[in-house]
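Side-chain atoms are counted along with the backbone in the values below, which use heavy atoms only and exclude waters and symmetry mates. Atoms within a ligand are numbered from 1 in the order they appear, just like the ligands themselves.
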Amino acid sequence: MSARRRSIDTVFVANRGEIALRVVRACKEMGIRSVVGYSVPDADTAAVRAADTAVRIGPADGRRSYLYPPALIEAALRSGAQAVHPGYGFLAEDPEFAEICAQNGLIFVGPEPAVMAMLGDKVLARRMMSEIGVPVLPGTAEPVAGDRAVLDEAARIGLPLIIKAAAGGGGRGMQVVTDRDALLPGYRTARVSAREYFGDDRVYLERYWEQVRHVEVQVLADGHGTVLHLGERDCSVQRRHQKLIEETPGPGLPPSVAERLAEYAVRGARAAGYTGAGTFEFLVAGDEIAFIEANCRIQVEHPVTEVATGVDLVREQLLVAAGERLSFGQADVRPRGTAIECRVNAEDPERGFVPSGGRLDEFAPPGGPFVRVDTHGYPGATVTPDYDSLLAKVIVWGPDRDQALNRMERALGEFRIAGAGVRTTIPLLLDVLRDPRFRAGACTTSYLDGRDVVGA
Ligand SMILES: Nc1ncc2cc(-c3cccc4ccccc34)c(N3CC[C@@H](N)C3)nc2n1
Ligand SMILES: [Ca+2]
């Protein structure tokens, strides 16, 4: 069934920070009116300043603003919007919110609610991918229920294993179990975390794969049967499940493995009936691949793919949401060179990465050839640690990885950020960029945990 075309002349942005500004910018370039919803502390942010209009949606507390559908829907309807862009985080992957938008005659910029619900359930997503022949790790076909089941399934799967929330994502609440005695305590902890973080305590087991790389594939699908991939992003350099550096192509990734990853992602998106921009995450070691989860949102690191391919993913999201056919095919997607993103967080690396907001007395992003900075910061802005600590994303392009890395080092060195109490992760990023092991492209997911790196 082909999507019908629906005209969008106003978009309500149900988000904040740099991604809200990113959506506003795409709207401006498309001649679409943008309306940003903001909470009290966000009244004078870059996104509010850039949007055509802005509507206050509630207090600082996310549960009564960015996470509160009645406030968001009411603001969207009052602003005359036909569509709601959820960004990432908050309600971006919440099927109920997508459903509420539809019930109120609003186009939700993302996949259908049922598709989001299926892919957002990690057990269902794993099962679907396995059924269409995509490799997954040994694990449970259902959420585990009860101590006996945990012990039996763990004996079948083997150790080490990882316990994950079925409704989870991004690594939050995961428990890695290396010996049998830690199984039941790990199971209980995982269930408490799952209930606390996601309001759903179902957990499942997977064999834990160490010394792997974390590689995700960007897909883009319209409502007329076209499903494309836009290449991969290596996200192995993370700290406590917070990605620090993302890059394309995957360093040392054999082309045959990259092709298989892309094919698996397209196969999964097509099987799920996916529409819009989505990401399929895999673990990779050598030529071994395992699917782990899918994301139904635009991701923080989407600029890496935009810079390498020249495709504006937010523009494409809005066109697909309006029922348009994609204007290009797979043969037109030709990633070039190397693109790298570093996330600059307002955290203090010297003090355990505690959030370190404050007034930005000095804020001068880098520039020069092939440097892009996506940020909501500006001189005089106050960065509130009320929400997340992401302050800026520095993305660079180079004809090869070495030149891109040199450019990133130069750009980060140029970034001037100062203010009372404001600290950022730039020093840590520079350390990583200068680390010969990172330069050699040999980092696995355990790199920053102090556990070492292995050959690519
Ligand atoms: N069966 C199995 N084995 C190893 C894994 C390794 C990761 C992983 C991926 C990237 C960074 C990590 C840092 C610490 C611990 C784990 C990771 C992982 N993640 C973490 C976040 C989410 N996107 C998927 N799932 C895994 N699953
Ligand atoms: Ca995820």
Side-chain angles (χ1 to χ4, degrees), residues 88-90 92-94 110-111 116 118-126 129-130 134-141 144 153-154 156-178 186 190 193-194 197-198 203-219 232-247 250 261 265 268 272 274 277-286 288-302 343 353 432 438 443-454:
Y88 52 67
F90 296 123
E93 297 180 282
D94 184 324
M116 189 184 287
M118 190 275 283
L119 287 177
D121 181 317
K122 305 232 160 338
V123 174
L124 294 179
R126 248 175 63 90
M129 294 296 272
S130 177
V134 174
V136 297
L137 287 153
T140 55
V144 282
E153 292 282 67
R156 178 177 63 80
I157 295 165
L159 293 174
L161 59 77
I162 187 167
I163 308 174
K164 296 181 173 181
R172 284 176 63 179
M174 290 182 171
Q175 292 292 319
V176 178
V177 173
T178 51
S193 307
Y197 290 140
F198 314 110
V203 296
Y204 64 105
L205 311 184
E206 267 186 350
R207 184 62 185 270
Y208 184 61
W209 197 6
E210 298 183 278
Q211 309 297 1
V212 287
R213 311 187 74 126
H214 188 202
V215 184
E216 60 189 25
V217 176
Q218 181 69 58
V219 299
E232 78 275 357
R233 295 185 291 259
D234 183 296
C235 308
S236 303
V237 178
Q238 305 191 13
R239 192 189 151 276
R240 292 196 189 156
H241 300 298
Q242 285 301 324
K243 295 168 181 168
L244 288 177
I245 300 178
E246 302 101 345
E247 61 181 292
L261 286 166
Y274 199 84
T279 297
F280 284 70
E281 297 185 30
F282 301 88
L283 299 177
V284 180
E288 288 186 275
I289 294 172
F291 166 79
I292 42 175
E293 59 184 84
N295 303 320
C296 299
R297 65 180 190 271
I298 191 78
Q299 297 206 192
V300 171
E301 59 267 30
H302 77 273
R343 299 188 193 194
F353 296 89
V432 173
F438 176 75
C443 288
T444 69
T445 55
S446 52
Y447 168 64
L448 278 181
D449 299 359
R451 292 194 298 259
D452 217 339
V453 295
V454 284

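For Arg240, the CZ atom counts as loosely surrounded, since its 6.0 Å shell holds 12 or fewer non-hydrogen atoms of other residues, nucleotides or ligands.
When heavy-atom distances to ligand 1 are checked against a 4.0 Å cut-off, Ile292 comes that close only through its side chain, counted from C-beta outward.
Summarising the geometry of Gln238 relative to Leu448, their closest heavy-atom pair is O-CB, 3.4 Å, with the distance given to 0.1 Å. Contact record, Glu210 with Pro160: OE1-CG, 4.0 Å, taken as the closest heavy-atom pair. Here the closest non-hydrogen pair linking Gly158 and Arg207 is O-CD, 3.4 Å.
Close contacts between ligand 1 and Leu137 involve ligand atoms 1 (N), 2 (C) [criterion: under 4.0 Å to a heavy atom]. Applying the 4.0 Å criterion to heavy atoms of Arg207 picks out, from ligand 1, the atoms 1 (N), 2 (C), 3 (N). Those atoms of ligand 1 that come under 4.0 Å of a heavy atom in Gly171, given as number and element, are 21 (C), 22 (C). Annotation for ligand 1: atoms under 4.0 Å from non-hydrogen atoms of Gly170 are 21 (C). Applying the 4.0 Å criterion to heavy atoms of Glu206 picks out, from ligand 1, the atoms 1 (N), 2 (C), 27 (N). Below 4.0 Å from some heavy atom of Ile162 lie the following atoms of ligand 1, by number and element: 1 (N), 2 (C), 27 (N). Those atoms of ligand 1 with a heavy atom of His214 less than 4.0 angstrom away are 9 (C), 10 (C), 23 (N).
The Ca ion (ligand 2) has Glu281 OE2, Glu293 OE2, Asn295 OD1 as its protein N, O or S neighbours under 3.0 Å.
Checking Trp209, Phe282, Tyr447 against atom 4 (C) of ligand 1, the nearest heavy atom belongs to Trp209.
Using a 4.0 Å cutoff on heavy atoms, Met174 counts as a contact of ligand 1. Not a single heavy atom of Val212 sits less than 4.0 Å from an atom of ligand 1.
Geometrically, Arg126 does not engage Tyr204 in a cation-pi contact defined by less than 6.0 Å to the ring centre and at most 45° from the axis.
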